[in-house]
Amino acid sequence: MVKLPHNASTIAYELFVLSYCFKQENDPEVKMLREVFLEKLKDWAFNDLLKRQVNYAIKLATANGRLEYEEMHKLLSLCDEIHALEYFGLYFDPILKQEYEEAVRNRFSNEKLKAKMTAIDKVEDWQKQFWWYKENLDF
């Protein structure tokens, strides 16, 4: 049993990579894994996992002071995980989504060099299209 939201969010991200990056979204076994994962969210009492992760990203992005490298890395990872959860059909309020995107973009804007360095260290080729990488890198 998964007891912590970040563990469930990591599972979602890994399934996303399998589905999206490795072009396996139509594979019957991968489809079954996604369905099982979505059912397990209910069993684990994480029906609000996407909202939790979004709120965590907002909290990190709006924290006072400058972020450490590891915190910026975590913020980018949260963006990855949030995208994965949305990819699987989880939904959150559009107003909260706007707040999340504005908070993250503001943090990146306020710490351009650190955001860029972290994005360079973290990004894979297939991720370059996502706004949280694209806006921090010079392509």
**Request:** Step by step, work out the salt bridge (charged side-chain N to carboxylate O under 4.0 Å, His left out) result for Lys97 and Glu86.
**Result:** CA-CA 11 Å; Lys97 184 171 186 166; Glu86 286 185 289; 2.9 Å; yes

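- Here Met117 is tied into one hydrophobic group with Leu113, each link being a pair of ILVMFWY side chains closer than 4.5 Å.
- Leu50 and Tyr91 sit in two unconnected hydrophobic clusters of ILVMFWY residues. Membership requires side-chain heavy atoms under 4.5 Å apart, directly or through other members.
- The ring-ring contact (aromatic ring centres under 6.0 Å, His included) check on His73 picks up nothing, with sequence neighbours excluded.
- Salt-bridge check for Arg66 with Glu71: failed, with every basic side-chain N at 4.0 Å or more from each acidic carboxylate O.
- For the ring-ring contact (aromatic ring centres under 6.0 Å, His included) test, residues two or more places apart in sequence or in another chain that qualify with Phe130 are His83, Trp132.
- The CD atom of Glu14 sits 12.5 Å away from the CG atom of Leu33 when rounded to the nearest 0.5 Å.
- Taking the side chain to side chain contact (heavy atoms under 4.5 Å, CB included) definition, one finds that Asn106 meets it with nothing, sequence neighbours left out.
- Applying the side-chain hydrogen bond (donor to acceptor under 3.5 Å, both in side chains) test to residues at least two apart or on different chains, the pairs with a partner in residues 29-38 are Ser19-Arg34.
- The two residues Ala103 and Ala61 make their nearest non-hydrogen contact at O-CB, 3.5 Å.
- Met32 and Tyr20 end up in the same hydrophobic cluster when Ile, Leu, Val, Met, Phe, Trp and Tyr side chains are linked at under 4.5 Å.
- Taking the six-membered ring where tryptophan is involved, the planes of Phe37 and Trp44 are perpendicular, since the angle between them exceeds 60° and thus also 30°.
- Panel note: side chain Gln127, backbone Glu124; a donor-acceptor pair is recorded below 3.5 Å.
- For the residue pair Tyr69 / Asp121, a side-chain donor-acceptor distance below 3.5 Å is found, with atom types taken as modelled.
- Checked against side chain to side chain contact (heavy atoms under 4.5 Å, CB included), Ile95 has the following partners two or more places apart in sequence or in another chain: Asp93.
- Electrostatic pairing of Glu70 and Lys74 does not count as a salt bridge here, judged by no charged N lying under 4.0 Å from a carboxylate O.
- Here the closest heavy-atom approach between residue Phe46 and residue Leu4 is recorded as CZ-C, 3.5 Å.
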**Request:** Could you give me the CA-CA distance, side-chain angles and deciding distance for Tyr133 and Asp80, then say whether side chain to side chain contact (heavy atoms under 4.5 Å, CB included) is met?
**Result:** CA-CA 10 Å; Tyr133 292 108; Asp80 290 340; 2.8 Å; yes

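- Note: Ile58 CD1 to Leu96 CG = 4.5 Å, rounded to the nearest 0.5 Å.
- Remark: Leu78 CG to Lys59 NZ distance equals 12.0 Å, nearest 0.5 Å.
- Phe16 and Trp126 have tilted rings, their planes meeting at an angle from 30° to 60° on a 0 to 90° scale.
- For the pair Lys40 and Asp43, the salt-bridge criterion is met [side-chain N within less than 4.0 Å of a carboxylate O].
- Taking CG of Leu49 as the reference point, atom CD1 of Ile11 lies at 9.5 Å (rounded to 0.5 Å).
- In this structure, CD in Glu111 is found 5.0 Å from CZ in Arg107, a value given to the nearest 0.5 Å.
- In this structure, the side chain of Gln53 does not engage the main chain of Glu81 through any donor-acceptor pair within 3.5 Å.
- One finds the CZ atom of Phe92 at 9.5 Å from the CG atom of Leu85 (value rounded to the nearest 0.5 Å).
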**side chain to side chain contact (heavy atoms under 4.5 Å, CB included) between Tyr56 and His6, intermediate numbers included** = CA-CA 10 Å; Tyr56 181 19; His6 75 270; over 6 Å; no

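- Of all heavy-atom pairs between Ala119 and Asn136, the closest is CB-CB, 3.8 Å.
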